[in-house]
Student: 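Can you keep this structure in mind? I'll have questions shortly.
Only this structure's heavy atoms are used, side chains among them; waters, hydrogens and symmetry mates stay out. Note on naming: letters A, B, ... go to the chains in the order of the sequence lines (proteins, then strands), and numbering restarts at 1 for each one.
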Protein chains: 2
Amino acid sequence: MCVKLHLVQNSSVDEPALGLRERKKRARREALIDATHRLVAEHGLDAVTVEAICEEAGVSARTFFNYFETKDDAVLGHTPWPLDSAATEEFATGGPTGNLLADLQALVSSFLTDAPIGRQRVARALELAAKEPRLLARHLAWMEQHKGQLSALIERRLGDDAPYSSEIVGSTLLFLTHATFLRWDAAGGAGTADEHVSAVVADLRSILTD
Amino acid sequence: MCVKLHLVQNSSVDEPALGLRERKKRARREALIDATHRLVAEHGLDAVTVEAICEEAGVSARTFFNYFETKDDAVLGHTPWPLDSAATEEFATGGPTGNLLADLQALVSSFLTDAPIGRQRVARALELAAKEPRLLARHLAWMEQHKGQLSALIERRLGDDAPYSSEIVGSTLLFLTHATFLRWDAAGGAGTADEHVSAVVADLRSILTD
DNA sequence: TGCGCCCACTGCAAAGTTGCAGTGTGTGTA
DNA sequence: TACACACACTGCAACTTTGCAGTGGGCGCA
């Protein structure tokens with residue numbers, strides 16, 4: 001059993017430079033997801049026990065369940081969504097530009113950039129989910145749940161007398177996020193989330209205006 | 001910052017197979033000693049701060065002082081000596097063979113085999129200590145302290161009406177341990193502690209009988 | 001001499017991990 | 001069917017690490 005913890009330094013200047021505690025928590029979550037992916041890819045979901053994952057990741061089984069509610073969640077990397085971040089707060093209160101589309105794009109970008117687990121992990125999770133119906137189901141349920149939260153967020157921004165229903169805006173947000181993710185991943189992670197979301201919106205517009 | 005924790009499985013069958021907690025504690029102690037050795041070898045003892053060591057090892061400075069009383073102790077790898085192990089208990093109560101010399105050898109062997117930090121680390125510690133008088137002093141003080149404990153151990157075994165003073169037996173024990181360690185290390189760690197202690201005793205005997 | 005700074009080291013409370021002893025469910029087997 | 005067993009998952013207490021706010025000593029510098 002040999003465990004490697006990658007503790008990356010937060011380089012940006014204005015960010016508060018995550019403490020050791022926070023960095024270790026991230027590293028452990030990622031280690032668990034990665035271990036799960038490795039084992040599930042090799043042996044299949046049902047042949048892999050939580051205990052095996054934990055041995056691979058070098059933590060106790062109890063700790064596993066401090067990070068994920070179920071084994072399936074570890075495959076999907078489901079983890080509390082940062083719906084309380086500065087970016088969402090800004091969006092809810094009408095920022096950053098005041099233009100709805102632009103601000104939706106900014107939000108999508110922040111979702112993808114601040115994703116609690118990296119892009120590649122999400123890609124692997126989706127790959128595995130495609131093969132295991134149970135995972136897909138759980139993933140969809142998870143999406144559904146968050147759509148509700150997104151709707152609430154949008155409701156806050158638009159108020160009651162909005163031109164659109166918050167549900168349709170929420171769905172759009174989710175769709176944009178997914179599409180942008182796919183484009184970004186297809187590019188091998190090149191470029192910024194910002195660029196990709198813009199491209200997606202442009203594509204979408206040209207599709208719709210024809 | 002990138003940290004590798006090696007969690008070795010205890011393979012022997014009768015041993016209780018150290019739990020995860022215990023293995024992590026060992027791994028961390030060793031990581032701290034190794035980090036200290038790397039940095040001190042490169043920059044010198046006084047140019048290395050505890051904080052730097054901890055960054056290298058991926059733990060907080062507070063944790064460092066949970067493991068070592070002082071910075072110097074980390075270089076030397078000074079750590080609670082397993083003077084309460086099964087082997088010492090057996091020795092104290094007249095085992096394992098009943099023959100004093102044989103049992104001393106067994107004890108030396110157990111010291112070296114169960115050493116809380118590996119052979120190579122001890123070698124590096126001694127190397128560094130040779131260059132830093134302060135370390136050497138601390139090391140000697142530490143030896144002195146343990147000689148007392150060894151004497152007490154031997155006192156238990158021999159009782160009051162012994163043919164030898166416990167001090168001289170204690171010194172012999174320490175000397176044998178050191179000499180065996182050197183021989184073992186010179187052999188690059190080849191062979192067992194048992195074999196080396198026997199060889200040392202044989203050499204010693206031939207020296208003395210001439 | 002006095003002042004400021006760095007650094008070793010400590011005490012304590014909060015956060016996190018681990019061990020353990022469960023419960024419940026599915027599955028293979030007599 | 002009944003039993004055993006493996007495994008997901010939970011509750012809780014014990015233990016460990018971490019953050020933080022110190023203290024005190026040494027050292028450069030005005």
Student: Can you identify which nucleotide, out of D/dT18, C/dT10, D/dT16, has its nearest atom closest to the B/Val59 side chain?
Tutor: D/dT18
Student: Between C/dT17, C/dG19, C/dC9, which nucleotide gets closest to the side-chain atoms of A/Thr63?
Tutor: C/dT17
Student: Looking at every strand, decide which applies to A/Tyr67 at a 4.0 Å heavy-atom threshold: base, sugar-phosphate, or nothing.
Tutor: sugar-phosphate
Student: Can you confirm whether the side chains of A/Thr63 and A/Ser60 place a donor and an acceptor under 3.5 Å from each other?
Tutor: yes
Student: Mapping B/Arg28 and A/Glu51 onto DNA chain D by nearest heavy atom, which one lands closer to the 5' end?
Tutor: A/Glu51
Student: Out of B/Ile53, B/Val50, B/Leu32, B/Val75, which one pairs with B/Phe68 under the side-chain contact (heavy atoms from CB on, under 4.5 Å) rule?
Tutor: B/Leu32
Student: State whether B/Ser60 places a side-chain N or O below 4.0 Å from either non-bridging phosphate oxygen (OP1 or OP2) of D/dT18.
Tutor: yes
Student: In whole angstrom, what separates B/Phe68's CZ from D/dT17's P?
Tutor: 11 Å
Student: Does B/Lys24 have a side-chain nitrogen or oxygen under 4.0 Å from the phosphate oxygens OP1 or OP2 of C/dT18?
Tutor: yes
Student: Among D/dA14, C/dA15, C/dA8, find the nucleotide with the atom closest to the side chain of A/Arg21.
Tutor: C/dA15
Student: I want to confirm an ordering. Mapping A/Ala61 and A/Glu22 to their closest nucleotides on DNA chain D, which one lands closer to the 5' end?
Tutor: A/Ala61
Student: Could you tell me the separation between the CG atom of A/Asp46 and the C1' atom of D/dA6, rounded to a whole number of Å?
Tutor: 13 Å
Student: Between A/Thr180 and A/Thr177, is any side-chain donor less than 3.5 angstrom from a side-chain acceptor?
Tutor: no
Student: Considering just the side-chain nitrogens and oxygens of B/Arg62, establish if one lies under 4.0 Å of OP1 or OP2 belonging to D/dC20.
Tutor: no
Student: Rounded off to whole Å, could you give me the CD1-to-C1' distance for the A/Ile53 and D/dC9 pair?
Tutor: 13 Å
Student: Report yes if a side-chain nitrogen or oxygen of B/Lys25 is closer than 4.0 Å to either non-bridging phosphate oxygen (OP1 or OP2) of D/dT16; otherwise report no.
Tutor: yes
Student: Take the protein atom CZ of A/Phe65 and the nucleotide atom P of C/dT23, then report the distance between them rounded to whole Å.
Tutor: 17 Å
Student: Given D/dC7, is OP1 or OP2 found less than 4.0 Å from the side-chain N or O atoms of A/Thr49?
Tutor: no
Student: Whole Å only: how far is the CG atom of A/Leu20 from the P atom of D/dC20?
Tutor: 11 Å
Student: Would you call B/Thr79 and B/Tyr67 a side-chain contact if the rule is heavy atoms closer than 4.5 Å?
Tutor: no
Student: Distance check needed: D/dT17 P versus A/Arg23 CZ, whole Å only.
Tutor: 17 Å
Student: Return the value, rounded to whole Å, for the distance between atom CG of A/Asp73 and atom C1' of D/dC9.
Tutor: 12 Å
Student: Rounding to a whole Å, what distance do you find between A/Leu18:CG and C/dA15:P?
Tutor: 16 Å
Student: Is it true that the NZ or CZ of A/Arg157 lies under 6.0 Å from the centre of A/Phe91's six-membered ring and within 45 degrees of the ring axis?
Tutor: yes
